[in-house]
2 protein chains.
Amino acid sequence: MYKKKSKRLARYAKALSHPVRIEILELLENESCCFTGDMVNVFPLAQSTISQHLKELKNAGLIQGELNPPKTKYCINQENWAEAKALLCDFFDMDFSKSTCSI
Amino acid sequence: MYKKKSKRLARYAKALSHPVRIEILELLENESCCFTGDMVNVFPLAQSTISQHLKELKNAGLIQGELNPPKTKYCINQENWAEAKALLCDFFDMDFSKSTCSI
DNA sequence: ATTTCAAATCGTAAAATTACGATTAGTATT
DNA sequence: AATACTAATCGTAATTTTACGATTTGAAAT
């Protein structure tokens with residue numbers, strides 16, 4: 001079987017493997033949080049499709065949704081976001097434990 | 001349509017979205033390069049399946065294969081590897097332009 | 001000219017992904 | 001109670017991914 005780290009990293013990478021999910025996350029990074037409807041207006045996709053992408057991001061653990069009907073407010077899941085970041089840093093040999101780093 | 005950066009990042013992320021591809025890349029990072037057969041021995045997958053994963057990594061631009069039959073030697077494509085790294089750094093707000101950085 | 005060997009490709013089946021329209025759920029308003 | 005609104009879920013079709021065994025390729029060795 002695969003290493004735990006590999007599986008977790010692959011899982012996060014999979015969540016990032018569609019451009020609309022990348023841009024949804026960028027939106028959430030900038031706006032800190034927003035509603036499903038906001039994203040439906042930004043992207044040229046059906047409401048159900050956006051909902052599906054949000055669900056995948058949620059399943060991967062990268063976002064979380066706070067629902068107070070009829071609206072749902074999404075934001076980055078900071079804990080898992082940090083883990084994804086850390087796994088990627090590790091994978092790409094980017095050492096953040098030292099005070100300096102460069103590519 | 002999506003932003004060019006989003007599409008490129010999604011493309012790289014997709015290449016990383018399977019644990020065996022993560023581990024193949026780790027192998028290539030450590031060993032600097034290796035043959036298809038080496039990987040077939042490491043992972044519990046058929047030779048044709050490994051070949052297919054290698055092809056995907058090659059199509060994504062993350063590795064390159066130098067073939068001198070009957071063997072093929074693979075290694076990281078440094079140029080695109082650096083691009084993937086840079087796109088991810090950018091995406092995760094990890095600023096490498098400064099001399100110091102931390103999570 | 002055969003045989004051998006590593007690796008790619010082919011053909012195929014099962015499963016997952018992506019997208020959509022239609023429906024449902026759940027609250028707030030009229 | 002009926003309506004309105006947002007968002008999730010359902011059902012479905014088309015495409016892509018993942019995996020395998022079998023075959024082919026291409027150079028080297030016999």
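Reminder, nothing fancy here: chain letters follow the sequence lines and each chain counts from 1.
Under 4.0 angstrom from either OP1 or OP2 of D/dA8 there lies at least one side-chain N or O belonging to A/Tyr74.
To the nearest angstrom, C1' of C/dA8 lies 8 Å from NZ of B/Lys55. Following rounding to the nearest Å, A/Ile50 (CD1) and C/dT18 (P) show an atom-to-atom distance of 12 Å. In this structure, CD1 of A/Ile63 is placed 13 Å from C1' of D/dA8, rounded to the nearest angstrom. At whole-Å resolution of the value, CZ in B/Phe43 and P in C/dA7 are 14 Å apart. Between A/Leu54 atom CG and C/dT17 atom P there is a gap of 16 Å when expressed in whole angstrom units. As a whole-Å value, the separation of B/Lys73 NZ from C/dA8 P is 14 Å. Protein atom CE of A/Met39 is 18 Å distant from nucleotide atom C1' of C/dA19, rounded to whole Å. Rounded to whole Å, the distance from CZ on A/Arg11 to C1' on C/dT17 is 16 Å.
Proximity of B/Gln64 to B/Cys75: side-chain heavy atoms (C-beta onward) are separated by under 4.5 Å at one or more points. Under the 4.5 Å side-chain criterion, counting only non-hydrogen atoms from C-beta, B/Ser51 is not in contact with B/Lys55. In this structure, B/Leu27 and B/Met39 have side chains that are in contact, with non-hydrogen atoms separated by less than 4.5 Å. Counting only heavy atoms from C-beta outward, the side chains of B/Leu16 and B/Leu25 approach each other to under 4.5 Å.
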Could you encode protein contacts along nucleotides 18-30 of chain D as a string, one character per nucleotide from 5' to 3', using B for base contact, S for sugar-phosphate-only contact and - for no contact, with a heavy-atom cut-off of under 4.0 Å?
BBBBB---BS---

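Applying the ring-ring contact (aromatic ring centres under 6.0 Å, His included) rule to pairs touching residues 62-81 of chain A yields A/Trp81-B/Phe91, A/Trp81-B/Phe92, sequence neighbours excluded. Each ring-ring contact (aromatic ring centres under 6.0 Å, His included) pair with one or both residues in residues 35-70 of chain B, not counting sequence neighbours, appears once here: B/His18-B/His53.
Backbone-only contact: B/Thr36 has heavy atoms under 4.0 Å from sugar-phosphate atoms and none from a base.
If you chain together hydrophobic residues whose side chains sit under 4.5 Å apart, A/Leu62 and A/Val42 fall into the same group.
Listed by chain and number, the residues in a side-chain contact (heavy atoms from CB on, under 4.5 Å) with B/Glu79 are B/Asn77 (sequence neighbours excluded).
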Just list the side-chain donor-acceptor pairs under 3.5 Å for residues 4-15 of chain A, sequence neighbours left out, or say none.
from, atom 1, to, atom 2, distance (Å)
A/Lys5, NZ, A/Asp90, OD2, 2.7
A/Ser6, OG, B/Glu23, OE2, 2.7
A/Arg8, NE, A/Glu83, OE1, 3.3
A/Arg8, NE, A/Glu83, OE2, 2.6
A/Arg8, NH2, A/Glu83, OE1, 3.1
A/Arg11, NH2, A/Asn59, O, 2.4
A/Tyr12, OH, A/Glu83, OE1, 2.5

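Summary for the helix from C/dA1-D/dT30 to C/dT30-D/dA1: the axes at its two ends, each from 5 pairs, differ by 0° when rounded to the nearest 10 degrees.
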